[in-house]
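Residue numbering restarts at 1 for every chain, and letters A, B, ... go by the order of the sequence lines.
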Number of protein chains: 2
Amino acid sequence: MLKLTLGRKVTTISQYKDIANTLKARIQNGDYVTGEHLPSQKELAEEFGTSRVTIQKALDELSNANLILRRQGSGTTVAPNSQSTLDILSSQYEGTTKLFAGRGKVSTQVLHFEIRLPNAHEQKRLSISDSTPVYDILRLRNVDDKPYELDHSIMPLSVIRNLTEKIAAGSIYTFIETQLGLKIGSSIRKITADIPSEDDQKYLQCHHNEPILQVSQTVHLADGRPFEYSQTRHRYDKGGVIVINNFLSSNGLEA
Amino acid sequence: MLKLTLGRKVTTISQYKDIANTLKARIQNGDYVTGEHLPSQKELAEEFGTSRVTIQKALDELSNANLILRRQGSGTTVAPNSQSTLDILSSQYEGTTKLFAGRGKVSTQVLHFEIRLPNAHEQKRLSISDSTPVYDILRLRNVDDKPYELDHSIMPLSVIRNLTEKIAAGSIYTFIETQLGLKIGSSIRKITADIPSEDDQKYLQCHHNEPILQVSQTVHLADGRPFEYSQTRHRYDKGGVIVINNFLSSNGLEA
DNA sequence: GAGTGGTCTAGACCACGCG
DNA sequence: GCGTGGTCTAGACCACTCG
(Lines give C-alpha, C1' and ligand atoms only; values in the text may rest on other atoms or scores of the structure.)
Protein backbone atom coordinates (compact mmCIF):
# COMPACT_ATOMS: atom_id res chain seq x y z
CA MET A 1 0.00 0.00 0.00
CA LEU A 2 1.83 3.11 1.16
CA LYS A 3 -0.49 5.52 -0.54
CA LEU A 4 1.81 8.45 0.15
CA THR A 5 2.99 10.72 -2.60
CA LEU A 6 4.40 8.04 -4.84
CA GLY A 7 5.53 10.57 -7.40
CA ARG A 8 2.67 11.19 -9.76
CA LYS A 9 -0.86 11.66 -8.57
CA VAL A 10 -2.16 12.08 -5.07
CA THR A 11 -5.50 10.68 -6.22
CA THR A 12 -5.30 7.82 -3.71
CA ILE A 13 -6.72 5.29 -6.11
CA SER A 14 -5.85 1.71 -5.39
CA GLN A 15 -2.57 0.53 -6.80
CA TYR A 16 -4.05 -2.13 -9.02
CA LYS A 17 -6.37 0.34 -10.73
CA ASP A 18 -3.49 2.72 -11.23
CA ILE A 19 -1.43 -0.05 -12.76
CA ALA A 20 -4.37 -1.17 -14.92
CA ASN A 21 -4.71 2.36 -16.27
CA THR A 22 -0.99 2.61 -16.93
CA LEU A 23 -1.01 -0.67 -18.83
CA LYS A 24 -4.13 0.39 -20.71
CA ALA A 25 -2.37 3.60 -21.73
CA ARG A 26 0.60 1.59 -22.97
CA ILE A 27 -1.68 -0.48 -25.18
CA GLN A 28 -3.36 2.69 -26.41
CA ASN A 29 -0.02 4.30 -27.18
CA GLY A 30 1.25 1.24 -28.95
CA ASP A 31 3.97 0.53 -26.38
CA TYR A 32 2.50 -2.95 -26.22
CA VAL A 33 1.44 -4.06 -29.70
CA THR A 34 -1.45 -6.34 -30.61
CA GLY A 35 -0.37 -9.94 -30.63
CA GLU A 36 2.85 -9.27 -28.73
CA HIS A 37 3.63 -10.40 -25.22
CA LEU A 38 3.42 -8.15 -22.20
CA PRO A 39 6.20 -8.48 -19.65
CA SER A 40 5.59 -11.42 -17.33
CA GLN A 41 3.72 -10.91 -14.08
CA LYS A 42 6.99 -11.30 -12.25
CA GLU A 43 8.64 -8.56 -14.29
CA LEU A 44 5.65 -6.25 -13.93
CA ALA A 45 5.65 -6.82 -10.18
CA GLU A 46 9.28 -5.74 -10.09
CA GLU A 47 8.71 -2.74 -12.34
CA PHE A 48 5.83 -1.40 -10.26
CA GLY A 49 7.42 -2.42 -7.00
CA THR A 50 4.45 -4.47 -5.91
CA SER A 51 3.42 -8.08 -5.39
CA ARG A 52 2.34 -10.47 -8.08
CA VAL A 53 -1.21 -10.65 -6.74
CA THR A 54 -1.65 -6.92 -7.25
CA ILE A 55 -0.42 -7.22 -10.83
CA GLN A 56 -2.90 -10.01 -11.35
CA LYS A 57 -5.75 -7.85 -10.12
CA ALA A 58 -4.68 -5.17 -12.57
CA LEU A 59 -4.56 -7.72 -15.37
CA ASP A 60 -8.04 -8.87 -14.36
CA GLU A 61 -9.32 -5.41 -15.25
CA LEU A 62 -7.72 -5.48 -18.67
CA SER A 63 -8.87 -9.02 -19.22
CA ASN A 64 -12.48 -8.17 -18.39
CA ALA A 65 -12.27 -5.34 -20.90
CA ASN A 66 -11.07 -7.79 -23.55
CA LEU A 67 -7.82 -5.92 -23.98
CA ILE A 68 -5.46 -8.79 -23.17
CA LEU A 69 -5.34 -12.57 -23.38
CA ARG A 70 -3.74 -14.67 -20.67
CA ARG A 71 -2.60 -18.19 -21.36
CA GLN A 72 -1.25 -20.46 -18.70
CA GLY A 73 2.18 -21.62 -19.64
CA SER A 74 2.41 -19.28 -22.57
CA GLY A 75 2.03 -15.73 -21.35
CA THR A 76 -0.04 -12.59 -21.66
CA THR A 77 -0.58 -10.95 -25.04
CA VAL A 78 -2.39 -7.91 -26.32
CA ALA A 79 -5.77 -8.99 -27.74
CA PRO A 80 -6.57 -8.69 -31.41
CA ASN A 81 -8.85 -5.71 -32.04
CA SER A 82 -7.52 -4.06 -28.90
CA GLN A 83 -7.65 -0.68 -30.57
CA SER A 84 -11.28 -0.98 -31.59
CA THR A 85 -12.12 -2.33 -28.15
CA LEU A 86 -10.58 0.81 -26.70
CA ASP A 87 -12.80 2.88 -28.96
CA ILE A 88 -15.87 1.06 -27.73
CA LEU A 89 -14.83 1.42 -24.11
CA SER A 90 -14.31 5.13 -24.43
CA SER A 91 -17.71 5.58 -26.03
CA GLN A 92 -19.47 3.51 -23.38
CA TYR A 93 -23.07 4.52 -23.56
CA GLU A 94 -24.07 6.24 -20.34
CA GLY A 95 -26.04 9.10 -21.69
CA THR A 96 -26.57 10.76 -25.01
CA THR A 97 -25.04 14.02 -23.85
CA LYS A 98 -21.78 12.38 -22.87
CA LEU A 99 -21.71 10.13 -25.90
CA PHE A 100 -21.71 13.03 -28.29
CA ALA A 101 -19.51 15.32 -26.23
CA GLY A 102 -17.19 17.01 -28.68
CA ARG A 103 -18.64 15.18 -31.63
CA GLY A 104 -21.94 16.91 -32.21
CA LYS A 105 -24.34 19.45 -30.78
CA VAL A 106 -26.93 17.83 -28.54
CA SER A 107 -30.13 19.74 -27.84
CA THR A 108 -33.08 18.51 -25.86
CA GLN A 109 -36.76 19.35 -26.07
CA VAL A 110 -38.86 18.39 -23.05
CA LEU A 111 -42.21 17.29 -24.43
CA HIS A 112 -43.72 16.18 -21.17
CA PHE A 113 -42.76 16.61 -17.53
CA GLU A 114 -44.99 15.31 -14.79
CA ILE A 115 -44.92 13.92 -11.27
CA ARG A 116 -47.40 11.11 -10.71
CA LEU A 117 -47.84 7.71 -9.07
CA PRO A 118 -46.38 4.64 -10.79
CA ASN A 119 -48.40 1.87 -12.41
CA ALA A 120 -47.89 -1.77 -11.52
CA HIS A 121 -45.27 -2.41 -14.18
CA GLU A 122 -43.23 0.62 -13.16
CA GLN A 123 -43.46 -0.35 -9.50
CA LYS A 124 -42.00 -3.73 -10.28
CA ARG A 125 -39.20 -2.43 -12.48
CA LEU A 126 -38.17 0.24 -9.99
CA SER A 127 -38.78 -1.83 -6.84
CA ILE A 128 -41.05 0.83 -5.36
CA SER A 129 -44.52 0.90 -3.80
CA ASP A 130 -47.64 2.37 -5.34
CA SER A 131 -47.35 5.40 -3.09
CA THR A 132 -43.87 6.45 -4.21
CA PRO A 133 -44.26 9.26 -6.75
CA VAL A 134 -42.23 9.20 -9.96
CA TYR A 135 -41.16 11.63 -12.63
CA ASP A 136 -42.63 10.92 -16.03
CA ILE A 137 -40.48 12.62 -18.63
CA LEU A 138 -40.70 12.53 -22.39
CA ARG A 139 -37.82 14.12 -24.24
CA LEU A 140 -36.74 14.54 -27.81
CA ARG A 141 -32.98 14.61 -28.24
CA ASN A 142 -31.50 16.22 -31.32
CA VAL A 143 -27.97 15.86 -32.55
CA ASP A 144 -26.78 18.63 -34.84
CA ASP A 145 -30.38 19.85 -34.97
CA LYS A 146 -31.64 16.58 -36.40
CA PRO A 147 -33.95 14.32 -34.39
CA TYR A 148 -31.97 11.49 -32.85
CA GLU A 149 -33.98 9.74 -30.15
CA LEU A 150 -37.25 9.93 -28.29
CA ASP A 151 -36.76 9.11 -24.64
CA HIS A 152 -39.45 8.22 -22.12
CA SER A 153 -38.06 7.99 -18.59
CA ILE A 154 -39.63 7.07 -15.27
CA MET A 155 -37.62 7.88 -12.13
CA PRO A 156 -38.66 7.62 -8.48
CA LEU A 157 -38.54 10.80 -6.39
CA SER A 158 -37.33 8.67 -3.50
CA VAL A 159 -33.99 8.30 -5.28
CA ILE A 160 -33.72 11.27 -7.62
CA ARG A 161 -34.66 14.48 -5.83
CA ASN A 162 -35.11 18.04 -7.01
CA LEU A 163 -35.23 17.21 -10.68
CA THR A 164 -36.73 20.07 -12.67
CA GLU A 165 -37.87 20.55 -16.22
CA LYS A 166 -34.93 22.83 -16.75
CA ILE A 167 -32.47 20.13 -15.69
CA ALA A 168 -34.26 17.64 -17.92
CA ALA A 169 -33.57 19.97 -20.83
CA GLY A 170 -29.88 19.29 -20.24
CA SER A 171 -28.26 16.08 -19.07
CA ILE A 172 -30.06 14.22 -16.31
CA TYR A 173 -27.12 11.83 -15.92
CA THR A 174 -24.68 14.65 -15.33
CA PHE A 175 -27.09 16.08 -12.74
CA ILE A 176 -27.29 12.75 -10.94
CA GLU A 177 -23.55 12.25 -10.88
CA THR A 178 -22.31 15.75 -10.15
CA GLN A 179 -25.16 17.50 -8.30
CA LEU A 180 -26.59 14.57 -6.37
CA GLY A 181 -23.22 12.87 -6.06
CA LEU A 182 -24.62 9.46 -6.91
CA LYS A 183 -22.73 6.73 -8.70
CA ILE A 184 -24.29 4.86 -11.57
CA GLY A 185 -23.98 1.09 -11.37
CA SER A 186 -25.38 -1.38 -13.87
CA SER A 187 -28.17 -1.54 -16.38
CA ILE A 188 -30.28 -4.25 -17.92
CA ARG A 189 -31.42 -3.55 -21.45
CA LYS A 190 -33.68 -5.14 -23.96
CA ILE A 191 -33.12 -4.08 -27.53
CA THR A 192 -35.86 -4.56 -30.08
CA ALA A 193 -37.01 -3.31 -33.46
CA ASP A 194 -40.46 -1.84 -33.82
CA ILE A 195 -42.89 -0.20 -36.20
CA PRO A 196 -42.97 3.58 -35.71
CA SER A 197 -45.86 4.98 -33.71
CA GLU A 198 -47.53 8.28 -34.55
CA ASP A 199 -45.33 10.03 -32.00
CA ASP A 200 -42.23 8.49 -33.57
CA GLN A 201 -43.23 9.66 -37.02
CA LYS A 202 -44.04 13.12 -35.71
CA TYR A 203 -41.00 13.76 -33.55
CA LEU A 204 -38.33 11.62 -35.15
CA GLN A 205 -39.57 12.64 -38.58
CA CYS A 206 -39.55 9.15 -39.96
CA HIS A 207 -41.88 7.50 -42.44
CA HIS A 208 -44.36 4.81 -41.50
CA ASN A 209 -42.19 2.13 -43.09
CA GLU A 210 -38.95 3.19 -41.42
CA PRO A 211 -38.21 0.96 -38.44
CA ILE A 212 -37.45 2.09 -34.90
CA LEU A 213 -34.68 0.71 -32.72
CA GLN A 214 -35.95 0.64 -29.15
CA VAL A 215 -33.83 0.28 -26.03
CA SER A 216 -35.85 -0.53 -22.93
CA GLN A 217 -33.73 -0.41 -19.82
CA THR A 218 -33.64 -0.35 -16.05
CA VAL A 219 -30.63 1.47 -14.65
CA HIS A 220 -29.30 1.04 -11.10
CA LEU A 221 -27.09 3.09 -8.86
CA ALA A 222 -23.85 1.57 -7.63
CA ASP A 223 -25.61 0.74 -4.35
CA GLY A 224 -28.16 -1.30 -6.25
CA ARG A 225 -31.18 1.02 -6.13
CA PRO A 226 -32.98 1.18 -9.49
CA PHE A 227 -33.37 4.82 -10.44
CA GLU A 228 -34.54 4.81 -14.04
CA TYR A 229 -36.84 2.80 -16.19
CA SER A 230 -36.83 4.14 -19.70
CA GLN A 231 -37.70 3.38 -23.27
CA THR A 232 -35.64 5.11 -25.88
CA ARG A 233 -36.62 5.02 -29.52
CA HIS A 234 -34.05 5.70 -32.23
CA ARG A 235 -34.28 6.36 -35.92
CA TYR A 236 -33.00 3.18 -37.59
CA ASP A 237 -30.47 5.11 -39.65
CA LYS A 238 -28.80 6.75 -36.66
CA GLY A 239 -26.57 3.89 -35.64
CA GLY A 240 -27.06 0.99 -33.31
CA VAL A 241 -26.11 -0.34 -29.92
CA ILE A 242 -22.68 -1.88 -29.49
CA VAL A 243 -22.22 -4.58 -26.89
CA ILE A 244 -19.25 -6.56 -25.63
CA ASN A 245 -20.14 -9.97 -24.31
CA ASN A 246 -17.69 -11.98 -22.29
CA PHE A 247 -18.92 -15.56 -22.23
CA LEU A 248 -16.04 -16.66 -20.11
CA SER A 249 -16.77 -14.54 -17.09
CA SER A 250 -20.52 -14.94 -17.25
CA ASN A 251 -20.34 -18.65 -17.80
CA GLY A 252 -17.63 -19.07 -15.23
CA LEU A 253 -20.54 -19.40 -12.89
CA GLU A 254 -22.17 -22.23 -14.69
CA ALA A 255 -19.36 -24.73 -14.98
CA MET B 1 -5.27 -26.08 -3.14
CA LEU B 2 -5.44 -29.64 -1.88
CA LYS B 3 -7.62 -30.70 -4.75
CA LEU B 4 -7.91 -34.23 -3.42
CA THR B 5 -11.27 -35.81 -2.88
CA LEU B 6 -12.72 -33.09 -0.72
CA GLY B 7 -15.99 -34.93 -0.33
CA ARG B 8 -18.23 -33.90 -3.20
CA LYS B 9 -16.98 -33.65 -6.71
CA VAL B 10 -13.72 -34.77 -8.17
CA THR B 11 -14.16 -32.17 -10.91
CA THR B 12 -10.98 -30.38 -9.86
CA ILE B 13 -12.47 -26.94 -10.38
CA SER B 14 -10.88 -24.16 -8.44
CA GLN B 15 -12.21 -23.60 -4.95
CA TYR B 16 -13.42 -20.09 -5.59
CA LYS B 17 -15.52 -21.14 -8.57
CA ASP B 18 -16.97 -23.97 -6.55
CA ILE B 19 -17.84 -21.57 -3.78
CA ALA B 20 -19.28 -19.06 -6.25
CA ASN B 21 -21.54 -21.75 -7.66
CA THR B 22 -22.62 -22.83 -4.20
CA LEU B 23 -23.50 -19.27 -3.25
CA LYS B 24 -25.28 -18.77 -6.56
CA ALA B 25 -27.35 -21.87 -5.88
CA ARG B 26 -28.24 -20.51 -2.46
CA ILE B 27 -29.52 -17.31 -4.02
CA GLN B 28 -31.42 -19.33 -6.60
CA ASN B 29 -32.98 -21.51 -3.91
CA GLY B 30 -33.91 -18.55 -1.79
CA ASP B 31 -31.56 -19.46 1.05
CA TYR B 32 -30.25 -15.94 0.70
CA VAL B 33 -33.12 -13.56 -0.02
CA THR B 34 -33.03 -10.38 -2.09
CA GLY B 35 -32.13 -7.41 0.03
CA GLU B 36 -30.84 -9.52 2.90
CA HIS B 37 -27.26 -9.82 4.05
CA LEU B 38 -25.01 -12.71 3.20
CA PRO B 39 -22.77 -14.00 5.97
CA SER B 40 -19.65 -11.87 6.33
CA GLN B 41 -16.51 -12.79 4.43
CA LYS B 42 -14.99 -13.95 7.68
CA GLU B 43 -17.89 -16.26 8.40
CA LEU B 44 -17.91 -17.62 4.84
CA ALA B 45 -14.17 -18.25 5.07
CA GLU B 46 -14.77 -20.31 8.19
CA GLU B 47 -17.72 -22.17 6.71
CA PHE B 48 -15.82 -23.19 3.58
CA GLY B 49 -12.58 -23.72 5.45
CA THR B 50 -10.65 -21.34 3.26
CA SER B 51 -9.01 -17.94 3.37
CA ARG B 52 -10.78 -14.62 3.04
CA VAL B 53 -9.07 -13.84 -0.27
CA THR B 54 -10.59 -16.95 -1.82
CA ILE B 55 -14.03 -15.94 -0.59
CA GLN B 56 -13.48 -12.53 -2.12
CA LYS B 57 -12.63 -14.05 -5.47
CA ALA B 58 -15.85 -16.06 -5.30
CA LEU B 59 -17.80 -12.91 -4.45
CA ASP B 60 -16.14 -11.16 -7.41
CA GLU B 61 -17.84 -13.67 -9.68
CA LEU B 62 -21.26 -13.03 -8.19
CA SER B 63 -20.64 -9.32 -8.21
CA ASN B 64 -19.72 -9.30 -11.89
CA ALA B 65 -22.93 -11.16 -12.59
CA ASN B 66 -24.88 -8.47 -10.72
CA LEU B 67 -26.17 -10.97 -8.20
CA ILE B 68 -24.83 -9.28 -5.07
CA LEU B 69 -23.96 -5.81 -3.81
CA ARG B 70 -20.95 -5.21 -1.62
CA ARG B 71 -20.71 -2.13 0.53
CA GLN B 72 -17.67 -1.27 2.55
CA GLY B 73 -18.59 -0.95 6.18
CA SER B 74 -22.08 -2.23 5.62
CA GLY B 75 -21.89 -5.71 4.21
CA THR B 76 -22.87 -7.85 1.25
CA THR B 77 -26.50 -8.15 0.20
CA VAL B 78 -28.41 -10.00 -2.46
CA ALA B 79 -29.09 -7.62 -5.37
CA PRO B 80 -32.59 -6.52 -6.28
CA ASN B 81 -33.80 -8.40 -9.36
CA SER B 82 -31.42 -11.24 -8.54
CA GLN B 83 -33.97 -13.77 -9.72
CA SER B 84 -34.49 -12.14 -13.10
CA THR B 85 -30.73 -11.72 -13.44
CA LEU B 86 -30.41 -15.46 -12.91
CA ASP B 87 -32.93 -16.01 -15.68
CA ILE B 88 -30.92 -13.84 -18.03
CA LEU B 89 -27.67 -15.58 -17.11
CA SER B 90 -29.10 -19.01 -17.78
CA SER B 91 -30.37 -17.92 -21.18
CA GLN B 92 -27.07 -16.36 -22.18
CA TYR B 93 -27.14 -16.18 -25.91
CA GLU B 94 -24.48 -18.44 -27.36
CA GLY B 95 -26.38 -20.04 -30.12
CA THR B 96 -29.95 -20.40 -31.19
CA THR B 97 -29.93 -24.17 -30.73
CA LYS B 98 -28.85 -23.92 -27.10
CA LEU B 99 -31.13 -20.98 -26.38
CA PHE B 100 -34.23 -22.91 -27.30
CA ALA B 101 -33.14 -26.26 -25.90
CA GLY B 102 -36.18 -27.71 -24.23
CA ARG B 103 -38.33 -24.73 -25.09
CA GLY B 104 -39.05 -25.17 -28.76
CA LYS B 105 -38.14 -27.20 -31.81
CA VAL B 106 -35.27 -25.65 -33.75
CA SER B 107 -34.80 -26.68 -37.37
CA THR B 108 -32.25 -25.30 -39.78
CA GLN B 109 -32.30 -24.94 -43.53
CA VAL B 110 -28.92 -24.37 -45.19
CA LEU B 111 -29.58 -21.98 -48.06
CA HIS B 112 -25.98 -21.52 -49.11
CA PHE B 113 -22.73 -23.29 -48.26
CA GLU B 114 -19.52 -22.28 -49.97
CA ILE B 115 -15.78 -22.08 -49.42
CA ARG B 116 -14.20 -18.99 -50.91
CA LEU B 117 -11.63 -16.27 -50.25
CA PRO B 118 -12.55 -13.38 -47.93
CA ASN B 119 -13.11 -9.79 -49.01
CA ALA B 120 -11.28 -6.88 -47.39
CA HIS B 121 -13.92 -6.28 -44.73
CA GLU B 122 -14.02 -9.93 -43.71
CA GLN B 123 -10.22 -10.07 -43.59
CA LYS B 124 -10.18 -7.20 -41.15
CA ARG B 125 -12.94 -8.54 -38.94
CA LEU B 126 -11.43 -12.01 -38.75
CA SER B 127 -7.78 -10.90 -38.65
CA ILE B 128 -6.86 -13.10 -41.59
CA SER B 129 -5.02 -12.62 -44.88
CA ASP B 130 -6.58 -12.60 -48.35
CA SER B 131 -5.31 -16.11 -48.97
CA THR B 132 -7.06 -17.72 -46.00
CA PRO B 133 -10.23 -19.40 -47.28
CA VAL B 134 -13.49 -18.98 -45.38
CA TYR B 135 -16.84 -20.71 -45.15
CA ASP B 136 -19.72 -18.59 -46.37
CA ILE B 137 -22.90 -19.99 -44.90
CA LEU B 138 -26.45 -18.72 -45.13
CA ARG B 139 -28.96 -20.44 -42.90
CA LEU B 140 -32.60 -20.07 -42.05
CA ARG B 141 -33.44 -21.08 -38.51
CA ASN B 142 -36.98 -22.02 -37.64
CA VAL B 143 -38.42 -22.37 -34.17
CA ASP B 144 -41.50 -24.54 -33.93
CA ASP B 145 -41.61 -24.56 -37.74
CA LYS B 146 -41.92 -20.79 -37.95
CA PRO B 147 -39.12 -18.67 -39.43
CA TYR B 148 -37.05 -17.14 -36.65
CA GLU B 149 -33.78 -15.79 -37.99
CA LEU B 150 -31.72 -15.57 -41.14
CA ASP B 151 -28.05 -16.07 -40.37
CA HIS B 152 -25.12 -15.25 -42.62
CA SER B 153 -21.81 -16.50 -41.15
CA ILE B 154 -18.23 -16.21 -42.32
CA MET B 155 -15.67 -18.47 -40.64
CA PRO B 156 -12.02 -19.03 -41.50
CA LEU B 157 -10.92 -22.58 -42.33
CA SER B 158 -7.70 -21.88 -40.47
CA VAL B 159 -9.65 -21.98 -37.22
CA ILE B 160 -12.74 -24.06 -37.91
CA ARG B 161 -11.84 -27.22 -39.77
CA ASN B 162 -13.93 -29.99 -41.30
CA LEU B 163 -17.17 -28.09 -41.21
CA THR B 164 -19.73 -29.65 -43.55
CA GLU B 165 -23.11 -28.67 -44.83
CA LYS B 166 -24.57 -31.45 -42.74
CA ILE B 167 -23.07 -30.01 -39.56
CA ALA B 168 -24.31 -26.56 -40.52
CA ALA B 169 -27.80 -28.00 -40.62
CA GLY B 170 -27.44 -28.63 -36.89
CA SER B 171 -25.60 -26.55 -34.35
CA ILE B 172 -22.24 -25.16 -35.45
CA TYR B 173 -21.51 -23.97 -31.91
CA THR B 174 -22.01 -27.43 -30.47
CA PHE B 175 -19.69 -28.81 -33.16
CA ILE B 176 -17.01 -26.27 -32.30
CA GLU B 177 -17.22 -26.92 -28.59
CA THR B 178 -17.63 -30.68 -28.49
CA GLN B 179 -16.07 -32.00 -31.70
CA LEU B 180 -13.26 -29.50 -32.13
CA GLY B 181 -12.82 -29.04 -28.40
CA LEU B 182 -12.52 -25.27 -28.70
CA LYS B 183 -13.67 -22.81 -26.07
CA ILE B 184 -15.72 -19.80 -27.02
CA GLY B 185 -14.51 -16.52 -25.55
CA SER B 186 -16.05 -13.12 -26.16
CA SER B 187 -18.09 -11.40 -28.80
CA ILE B 188 -18.57 -7.87 -29.97
CA ARG B 189 -22.01 -7.10 -31.33
CA LYS B 190 -23.70 -4.25 -33.03
CA ILE B 191 -27.46 -4.28 -32.88
CA THR B 192 -29.47 -2.28 -35.38
CA ALA B 193 -32.91 -2.05 -36.92
CA ASP B 194 -33.31 -2.29 -40.66
CA ILE B 195 -35.77 -2.36 -43.50
CA PRO B 196 -36.38 -5.91 -44.74
CA SER B 197 -34.56 -6.97 -47.90
CA GLU B 198 -36.13 -9.22 -50.50
CA ASP B 199 -34.43 -12.22 -48.91
CA ASP B 200 -35.81 -11.24 -45.50
CA GLN B 201 -39.33 -10.98 -46.87
CA LYS B 202 -38.98 -14.27 -48.68
CA TYR B 203 -37.41 -16.39 -45.96
CA LEU B 204 -38.62 -14.74 -42.77
CA GLN B 205 -42.05 -14.28 -44.31
CA CYS B 206 -42.39 -10.69 -43.25
CA HIS B 207 -44.02 -7.77 -44.98
CA HIS B 208 -42.11 -4.89 -46.52
CA ASN B 209 -43.10 -2.59 -43.65
CA GLU B 210 -42.15 -4.99 -40.87
CA PRO B 211 -38.75 -4.07 -39.44
CA ILE B 212 -35.78 -6.40 -39.02
CA LEU B 213 -33.60 -6.61 -35.92
CA GLN B 214 -30.05 -7.25 -37.05
CA VAL B 215 -27.20 -8.48 -34.87
CA SER B 216 -23.80 -8.10 -36.50
CA GLN B 217 -21.08 -9.77 -34.48
CA THR B 218 -17.53 -10.99 -34.36
CA VAL B 219 -17.02 -13.94 -32.04
CA HIS B 220 -13.67 -15.00 -30.59
CA LEU B 221 -12.35 -18.19 -29.09
CA ALA B 222 -11.09 -18.13 -25.53
CA ASP B 223 -7.55 -17.86 -26.88
CA GLY B 224 -8.51 -14.69 -28.73
CA ARG B 225 -8.72 -15.95 -32.30
CA PRO B 226 -11.77 -14.55 -34.13
CA PHE B 227 -13.67 -17.46 -35.63
CA GLU B 228 -16.96 -16.03 -36.79
CA TYR B 229 -18.20 -12.86 -38.37
CA SER B 230 -21.94 -13.02 -38.83
CA GLN B 231 -25.02 -11.01 -39.48
CA THR B 232 -28.22 -12.39 -38.10
CA ARG B 233 -31.56 -10.93 -39.04
CA HIS B 234 -34.61 -11.47 -36.84
CA ARG B 235 -38.30 -10.87 -37.30
CA TYR B 236 -39.11 -7.87 -35.14
CA ASP B 237 -41.92 -9.70 -33.37
CA LYS B 238 -39.72 -12.59 -32.22
CA GLY B 239 -38.18 -10.93 -29.21
CA GLY B 240 -35.07 -8.85 -28.76
CA VAL B 241 -31.59 -8.95 -27.38
CA ILE B 242 -31.12 -8.68 -23.63
CA VAL B 243 -27.92 -7.17 -22.33
CA ILE B 244 -26.46 -6.60 -18.89
CA ASN B 245 -24.12 -3.66 -18.70
CA ASN B 246 -21.85 -3.17 -15.74
CA PHE B 247 -20.64 0.41 -15.84
CA LEU B 248 -18.58 -0.07 -12.73
CA SER B 249 -16.28 -2.71 -14.08
CA SER B 250 -15.93 -1.19 -17.50
CA ASN B 251 -15.33 2.26 -16.14
CA GLY B 252 -13.05 0.98 -13.48
CA LEU B 253 -10.43 1.45 -16.12
CA GLU B 254 -11.23 5.05 -16.81
CA ALA B 255 -11.10 6.57 -13.35
C1' DG C 1 -15.50 1.25 18.75
C1' DA C 2 -16.79 -2.88 16.57
C1' DG C 3 -17.59 -5.01 12.37
C1' DT C 4 -17.59 -4.94 7.55
C1' DG C 5 -15.52 -5.06 2.96
C1' DG C 6 -11.11 -3.28 0.16
C1' DT C 7 -6.38 -3.66 -0.60
C1' DC C 8 -1.86 -5.58 -0.22
C1' DT C 9 2.13 -8.73 0.89
C1' DA C 10 5.56 -12.65 0.58
C1' DG C 11 5.69 -16.90 -0.33
C1' DA C 12 4.01 -21.39 -1.91
C1' DC C 13 2.38 -25.05 -5.00
C1' DC C 14 -0.04 -26.31 -9.23
C1' DA C 15 -1.21 -26.72 -14.32
C1' DC C 16 0.18 -25.69 -18.60
C1' DG C 17 3.05 -24.73 -22.99
C1' DC C 18 7.18 -25.06 -25.19
C1' DG C 19 11.57 -26.30 -26.63
C1' DG D 1 13.03 -28.60 -17.31
C1' DC D 2 11.93 -24.02 -17.16
C1' DG D 3 9.08 -20.12 -17.32
C1' DT D 4 4.50 -18.82 -17.61
C1' DG D 5 -0.01 -17.76 -15.52
C1' DG D 6 -3.63 -19.79 -11.88
C1' DT D 7 -4.73 -20.58 -7.27
C1' DC D 8 -4.28 -20.25 -2.37
C1' DT D 9 -2.71 -18.88 2.39
C1' DA D 10 -2.22 -16.23 6.85
C1' DG D 11 -1.89 -12.14 8.24
C1' DA D 12 -1.95 -7.12 8.01
C1' DC D 13 -3.68 -2.39 7.59
C1' DC D 14 -7.09 0.73 5.62
C1' DA D 15 -11.77 2.90 4.67
C1' DC D 16 -16.20 2.83 5.58
C1' DT D 17 -20.88 2.35 8.10
C1' DC D 18 -23.50 2.19 11.99
C1' DG D 19 -25.05 2.08 16.62
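What separates NZ of A/Lys42 from P of D/dG3 is a distance of 8 Å, to the nearest Å. To the nearest angstrom, P of D/dC13 lies 17 Å from CD of B/Gln56. Atom-to-atom, CZ of B/Phe48 to P of D/dA10 comes out at 17 Å; the value is rounded to the nearest Å. When rounded to the nearest whole Å, the span between CZ of A/Arg70 and P of D/dT4 equals 15 Å. B/Gln41 has its CD atom 17 Å from the P atom of D/dG11, to the nearest Å. At whole-Å resolution of the value, CG in B/Leu62 and P in C/dG5 are 13 Å apart. We find that NZ of A/Lys17 is positioned 15 Å from C1' of D/dC14, with the value rounded to whole Å. Between the CG atom of A/Leu38 and the C1' atom of D/dT4 there is a distance of 13 Å, given to the nearest Å.
The stretch residues 66-81 of chain B participates, sequence neighbours left out, in these salt bridge (charged side-chain N to carboxylate O under 4.0 Å, His left out) pairs: B/Asp60-B/Arg70. The salt bridge (charged side-chain N to carboxylate O under 4.0 Å, His left out) analysis of residues 215-228 of chain B, with sequence neighbours excluded, yields the pairs B/Asp223-B/Arg225. Within the structure, side-chain hydrogen bond (donor to acceptor under 3.5 Å, both in side chains) contacts touching residues 27-39 of chain A (residues at least two apart or in different chains) are A/Arg26-A/Tyr32, A/Thr34-A/Ser82.
For D/dC8, the OP1/OP2 oxygens have no side-chain nitrogen or oxygen of B/Ser51 closer than 4.0 Å. Between A/Tyr16 and C/dC8, a side-chain N or O to OP1/OP2 separation shorter than 4.0 Å is absent. A close approach under 4.0 Å does not occur between any side-chain nitrogen or oxygen of A/Lys57 and OP1 or OP2 of C/dC8.
Among residues two or more places apart in sequence or in another chain, the salt bridge (charged side-chain N to carboxylate O under 4.0 Å, His left out) test is passed with B/Asp151 by none. In this structure, the side-chain contact (heavy atoms from CB on, under 4.5 Å) partners of A/Ser127, at least two apart in sequence or on a different chain, are A/Pro226, B/Pro80, B/Asn81. When the ring pair (Phe, Tyr, Trp, His ring centres under 6.0 Å) test is applied to A/Tyr229, the partners found at least two apart in sequence or on another chain are A/His121. A search for salt bridge (charged side-chain N to carboxylate O under 4.0 Å, His left out) contacts involving B/Glu165 returns nothing, not counting sequence neighbours.
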Salt bridge (charged side-chain N to carboxylate O under 4.0 Å, His left out) assessment of A/Lys42 paired with A/Glu46: CA-CA 6 Å; A/Lys42 187 165 166 283; A/Glu46 285 165 6; 3.7 Å; yes
Tabulate protein N/O versus nucleotide N/O from nucleotides 16-19 of chain C, keeping only pairs under 3.5 Å, one per line.
none

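In the set C/dA12, C/dC8, C/dG5, C/dA12 carries the atom at the smallest distance from any side-chain atom of A/Arg52.
The C1' atoms of five pairs define one axis at each end of the helix from C/dG1-D/dC18 to C/dC18-D/dG1, and these two axes lie 10° apart (to 10°).
Annotation: of the two residues near DNA chain C, B/Ser40 and A/Thr54, the 5′-most nearest-nucleotide partner is B/Ser40.
Residues B/Val134 and B/Pro156 share a closest heavy-atom pair of CG1-CA, 3.8 Å.
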